[in-house]
There are 2 protein chains.
Amino acid sequence: MSESEGPTRRVGRPRTAVLSHERILEAAFELADANGPEFSLASLARRLGVQPSALHHYFPTKAALIAAMRGQITLRLGTHGFDEQPWYEAILPWARASIEAFGRHPGLIAALATLPIDGEPESIADYERIVAALERDGYPSDLIVPALVALESFIIGSALDGLTPPDNLRPVHEPERSPALLRTEAAARAAASAAGITPAQRTFEFGLRALVAGLRAVGDAGAEPRTTDADAPASRGISG
Amino acid sequence: MSESEGPTRRVGRPRTAVLSHERILEAAFELADANGPEFSLASLARRLGVQPSALHHYFPTKAALIAAMRGQITLRLGTHGFDEQPWYEAILPWARASIEAFGRHPGLIAALATLPIDGEPESIADYERIVAALERDGYPSDLIVPALVALESFIIGSALDGLTPPDNLRPVHEPERSPALLRTEAAARAAASAAGITPAQRTFEFGLRALVAGLRAVGDAGAEPRTTDADAPASRGISG
DNA sequence: ACCTGAACACCGTTCAAGT
DNA sequence: ACCTGAACACCGTTCAAGT
């Protein structure tokens with residue numbers, strides 16, 4: 001959109017500002033859409049026709065810019081009717097919109113995943129809506145945030161999985177050494193093809209339903225003191 | 001371990017080789033263990049007392065080195081008794097060992113996740129063992145690989161989640177605007193603290209059990225032609 | 001206040017040259 | 001074959017200087 005291939009602006013403050021938070025964010029999304037994991041401030045500056053250092057006047061660090069992008073993405077997710085439907089219904093379109101949004105910006109997924117939420121009003125508001133629905137539906141209080149985070153972890157991991165080639169798990173080098181993998185990978189790829197979607201998309205939809213069903217089962221049994229405790233086994237496996 | 005802070009080796013082929021695949025991998029794991037997402041060939045070369053370009057003699061690219069590290073990590077995961085136990089039992093310690101391994105190398109998680117499996121014999125062998133167990137237990141053939149990939153996506157996403165601060169979802173800036181999140185996040189953190197684990201660890205264990213339970217439910221209903229089809233809804237949500 | 005331009009401390013990778 | 005050293009094309013960030 002904004003081409004401006006550098007009429008070599010001279011030094012000093014321009015008469016009218018060339019940049020703004022909005023213009024930078026817009027160009028940043030264009031750059032992130034042009035797929036490939038190459039998202040750098042330098043290439044963003046090139047696209048905007050400015051020097052890289054000019055960007056730091058609006059966003060102090062690269063992480064701050066990405067945090068702002070995350071806020072925009074969250075805004076566009078929409079509400080998905082958590083107020084009208086039970087959480088396990090409304091969460092499905094929310095999850096689909098989330099991975100779709102992540103998939104549109106391949107170069108950002110890893111960065112978005114590790115970014116602290118911190119003071120991000122949009123993400124906080126999004127979480128608040130979902131958490132409130134779980135509370136309203138009687139989900140066990142101390143398992144609401146874990147359920148939400150587990151779901152988001154699955155979404156993030158699936159988004160990264162979507163970056164791998166469609167036949168990523170196909171044993172091409174020594175197929176005779178992994179016959180079961182060869183068989184089942186072909187079956188899964190054929191099923192995805194028949195459905196007109198990628199294997200990664202089919203995997204996501206399948207895993208999403210399984211995870212939500214599992215989370216729901218625990219929540220329904222949530223009135224009693226919880227025999228399906230989530231705490232016990234961790235002491236025998238996971239460390240720091 | 002290997003200090004060798006550069007007695008300034010002179011040019012030309014050394015009388016006895018200074019590097020080897022094993023020495024490089026060992027140092028690479030030491031570097032990845034020293035937490036922080038800074039894993040570079042330059043810092044690895046510094047640790048080994050060589051020039052960065054020397055590394056390319058053993059691993060053509062950084063991605064090739066990380067692929068080799070992934071192979072080592074997979075080897076150390078162990079077998080976890082998929083031959084003796086049903087898949088939904090053996091998969092639990094396998095998943096715990098996986099996230100523990102990822103958690104030990106924070107700087108590698110994102111790179112490991114996006115790496116194509118390609119010709120990685122160790123990972124292929126690991127998958128083959130798991131897939132074979134699912135087949136043996138009668139899991140629907142075209143859902144075996146999706147089940148495995150969904151689980152691994154959850155593990156990868158959870159590993160990334162483990163990098164965020166423990167109170168990542170706590171609304172500190174405007175707590176009055178998100179009361180439900182404030183309540184439930186505190187409840188979850190308190191429960192984790194009482195169990196002597198981090199919130200991320202408790203979330204992982206909880207989500208793992210929910211996901212496996214959900215995957216198992218679909219598999220048990222797998223004899224019939226599948227009314228719980230994974231294909232239909234994708235046509236109304238997920239795109240390229 | 002808002003930009004340029006130089007500078008700093010990094011990256012991964014290639015390749016000629018030396019032994 | 002196995003390393004050094006120089007070179008190339010990048011990074012993010014800081015900061016003085018100009019308007």
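Letters A, B, ... mirror the listed sequences (proteins, then strands); counts begin at 1. Since the model is a prediction, treat every value here as computed from it, not as a measurement.
- Counting only residues at least two apart or on different chains, the side-chain hydrogen bond (donor to acceptor under 3.5 Å, both in side chains) pairs with a member in residues 176-188 of chain B are A/E135-B/R183, B/E185-B/R189.
- Between B/Y58 and B/R23 the shortest side-chain heavy-atom distance does not fall below 4.5 Å.
- Between A/L19 atom CG and C/dC2 atom C1' there is a gap of 9 Å when expressed in whole angstrom units.
- Contact annotation for B/F59: no contact, since no heavy-atom pair falls under 4.0 Å across all strands.
- Ring geometry for A/F29 versus A/H105: interplanar angle of 30 to 60°, hence tilted.
- To the nearest angstrom, P of C/dC3 lies 10 Å from CG of A/L55.
- In DNA chain C, runs of at least 3 consecutive Watson-Crick or G-U pairs, each pair with both distances below 3.5 Å, span C:4-8 with D:12-16, C:12-16 with D:4-8.
- Remark: side-chain polar atoms of B/R70 are not paired, donor with acceptor, to backbone N or O of B/S123 under 3.5 angstrom.
- No more than 12 heavy atoms of other residues, nucleotides or ligands lie within 6.0 Å of CZ in A/R15, so this atom counts as exposed by the packing criterion.
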Original post:
In the 5'-to-3' direction, what one-character label does each nucleotide of nucleotides 5-17 of chain D receive under the scheme B = base within less than 4.0 Å of a protein heavy atom, S = sugar-phosphate only, - = no such atom?
Top reply: B-----SSBBB--

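- Atom OG of A/S43 sits about 10.0 Å away from atom CG of A/L48, to the nearest 0.5 Å.
- Look at A/Y58 and you'll find a side-chain N or O under 4.0 angstrom from OP1 or OP2 of C/dC3.
- Between the side chain of A/Q51 and the backbone N or O of A/A45 there is no donor-acceptor pair closer than 3.5 Å.
- Distance check: B/L108 CG to B/F102 CZ gives 9.5 Å after rounding to the nearest 0.5 Å.
- Of the two residues contacting DNA chain D, namely B/V50 and B/R13, the nearest-nucleotide position lying further toward the 5' end is that of B/R13.
- Separation of the C1' atoms belonging to D/dA17 and C/dC2 is 13 Å when rounded to the nearest angstrom.
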